[in-house]
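Just below is one structure, and these are the notes that go with it.
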Amino acid sequence: MSIIIDGKAISKRIRESIKRKVDECKMNGLIPNLSVVLVGEDPASKVYARNKQKACKEVGIKSTVVKLEENTSEQELLEIIYRLNQDNTIHGILVQLPLPNHIDEKRIINAIDLSKDVDGFHPMHSGMLMNGQAILEPCTPKGIIRLIEETKQNIEGKNAVVIGRSNIVGKPVAIMLLQKNATVTIAHSRTENLAKLASTADILVVAIGKPRFIDRNYVKEGAIVIDVGITSVNGALVGDVDFDDVKEKAGYITPVPGGVGPMTITMLLENTLIAAKGAI
Ligand code: NAP
């Protein structure tokens, strides 16, 4: 039977510490400030933006959501980013993805001032992560590493398998695990014998977006299993891991919801604080 890695409780503890640091900043006249840019009416994006704003409020970070029409042009959006880049009272800029199809996401992300890119998606940040010089690390991978560290199990020397190779989750988390001296394999949709490979992992991170895809056959006895996936199924959020099947075999497991999700937002708060303090 697994120990559940309670992302909600861990987040709560980290947020309390962030709140204390934000209070200190405020006593010194610095009000950490995050600007969330939301384009269009995508219901999930609206919920994510609202949750981020709520979390900011909880720790005393000022936040505003810049709401833009679905038909906002790429040029108009770029001009808004340039304005936010120039505004010295704003420390973090986050553009809620996905953007409407007529806007080139990469161009928008690249336009965000490096020191305000609290999502850590700018290619310069990816490069710094690769070199072991990251300051603003991408929020989900950063949260995943914290969750693994919470188990107090060694990462060094362990076999880690990351399933999924996206730029925002799979690749960066693999780099981070490598920097912690795990032996890392990245798997994806073309990987052969995935179950055989995954079941060699002491640490298994799954970020594929396929509800309950990973059952006990993919899991080594006693492994740490981190479920990043979130898919809405009949109105409920479902992970990539078949929790009920895997929990009997894994040593540690994250639930969905209440695992990686809250940690992602918590790491966003932490990154906003880092950006506000001008550490970069
Ligand atoms: P993505 O960009 O769609 O990437 C999915 C990855 O999974 C791809 O690399 C794909 O391989 C791989 N894949 C898909 N089907 C597979 C299969 N059957 N076997 C092996 N690999 C497979 O997704 P993402 O942005 O990384 O997100 C992944 C999931 O995490 C989604 O459910 C997303 O909602 C969730 N997510 C959660 C959080 C959070 O805060 N909890 C944050 C970000 C994402 P190919 O490259 O070969 O296509």
Side-chain angles (χ1 to χ4, degrees), residues 4-8 10-11 14-15 36 42-52 54-55 94-99 105-106 109 118-121 126 129 137-148 150 160-177 184-201 204-215 217-219 225-233 235-243 246 253-271:
I4 292 173
I5 310 174
D6 186 345
K8 227 172 149 178
I10 297 163
S11 277
I14 300 173
R15 287 182 197 192
V36 177
D42 178 56
S45 292
K46 279 180 165 175
V47 172
Y48 291 140
R50 210 172 31 243
N51 287 346
K52 286 165 189 170
K54 202 170 138 223
L94 180 153
V95 177
Q96 187 64 53
L97 302 178
L99 288 170
E105 272 181 14
K106 284 193 180 133
I109 300 298
V118 285
D119 249 342
F121 290 166
S126 314
L129 181 70
E137 295 170 318
C139 301
T140 302
K142 187 177 180 180
I144 292 169
I145 298 294
R146 295 284 179 86
L147 289 173
I148 297 170
E150 282 288 328
V161 173
V162 177
I163 313 182
R165 55 174 163 179
S166 70
N167 289 331
I168 61 167
V169 187
K171 281 184 207 157
V173 82
I175 299 291
M176 290 177 182
L177 285 163
V184 184
T185 310
I186 306 178
H188 47 77
S189 67
R190 320 286 162 85
T191 299
E192 292 181 357
N193 297 324
L194 182 61
K196 191 171 173 214
L197 172 71
S199 61
T200 64
L204 181 64
V205 178
V206 191
I208 57 178
K210 300 262 148 72
R212 299 193 189 96
F213 186 87
I214 299 294
D215 63 20
N217 297 314
Y218 291 75
V219 175
V225 179
I226 306 290
D227 187 357
V228 189
I230 336 173
T231 308
S232 177
V233 180
L237 294 183
V238 177
D240 290 340
V241 175
D242 185 340
F243 184 88
V246 168
I253 187 167
T254 57
V256 175
V260 175
M263 284 299 278
T264 296
I265 297 187
T266 301
M267 294 302 107
L268 171 69
L269 302 175
E270 193 173 278
N271 278 355

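Computation of the quantities below employed the complete heavy-atom set of this structure, encompassing side-chain atoms and omitting hydrogens, waters and symmetry-equivalent molecules. Every number for a ligand or one of its atoms is a count from 1 in the order of the listing. Because the structure is a prediction, the values reported are computed rather than measured.
- Listed for the D215 side chain is no donor-acceptor partner under 3.5 Å among the backbone atoms of D242.
- Of the possible donor and acceptor atoms, none in the side chain of N193 sits under 3.5 Å from a partner among the backbone N and O of K196.
- Remark: distances from the non-hydrogen atoms of G261 to ligand 1 include one below 4.0 Å.
- Scanning L268, T264, I265, I186 for the heavy atom closest to atom 39 (C) of ligand 1 points to T264.
- Shown here, atom 27 (O) of ligand 1 is out of close reach of the protein: none of its heavy atoms lies under 4.0 Å off.
- When the options V228, I163, V173 are ranked by their closest heavy atom to atom 35 (C) of ligand 1, first place goes to V228.
- Minimum heavy-atom separation, T254 to D227: OG1-N, 2.8 Å.
- Using a non-hydrogen distance threshold of 4.0 Å, T191 does not register as a contact of ligand 1.
- Nearest protein neighbour of atom 19 (N) of ligand 1, counting heavy atoms only, is L194 CD2, 3.7 Å.
- Side chain of D240 to main chain of G209: a donor-acceptor pair is present (N/O by atom type, distance under 3.5 Å, no hydrogens or angles).
- The closest non-hydrogen atom to atom 15 (N) of ligand 1, taken over R165, K210, H188, R190, comes from K210.
- Once rounded to the nearest 0.5 Å, the distance linking CE of M176 with CZ of R146 reads 10.0 Å.
- Checking S189, A207, G209, P211 against atom 16 (C) of ligand 1, the nearest heavy atom belongs to S189.
- Within the 4.5 Å cutoff, the side chain of V241 has no heavy atoms near those of the L204 side chain.
- The single protein non-hydrogen atom nearest to atom 42 (C) of ligand 1 is T140 OG1, 3.3 Å, given as residue, atom name and distance.
- With a heavy-atom cut-off of 4.0 Å, I230 touches ligand 1 through backbone and side chain alike.
- Nearest-residue assignment for atom 13 (N) of ligand 1 (options I208, I144, I168, V169; heavy-atom criterion): I208.
- Between R15 and I265, some side-chain heavy-atom pair lies under the 4.5 Å cut-off.
- With ligand atoms numbered from 1 in the order given, ligand 1 contributes 29 (C), 30 (O), 32 (O), 35 (C) to contacts under 4.0 Å with heavy atoms of G229.
- Counting heavy atoms from C-beta outward, I214 and I163 have side chains that approach closer than 4.5 Å.
- A donor-acceptor pair is defined here as one N or O able to donate and one able to accept, closer than 3.5 Å; no such pair exists between the side chain of E105 and the backbone of P98.
- Under the 4.0 Å distance rule, the nearest protein heavy atom to atom 3 (O) of ligand 1 falls outside the cut-off.
- Residue-to-ligand polar distances keep G164 apart from ligand 1: every N/O pair is separated by 3.5 Å or more.
- Atom 18 (N) of ligand 1 has F213 CZ, 3.4 Å as its closest protein atom, hydrogens excluded (heavy atom only).
- If you check which protein heavy atom lies closest to atom 24 (P) of ligand 1, you get S166 OG, 3.7 Å.
- Using a 4.5 Å cut-off on side-chain heavy atoms (C-beta onward), R190 and R165 make contact.
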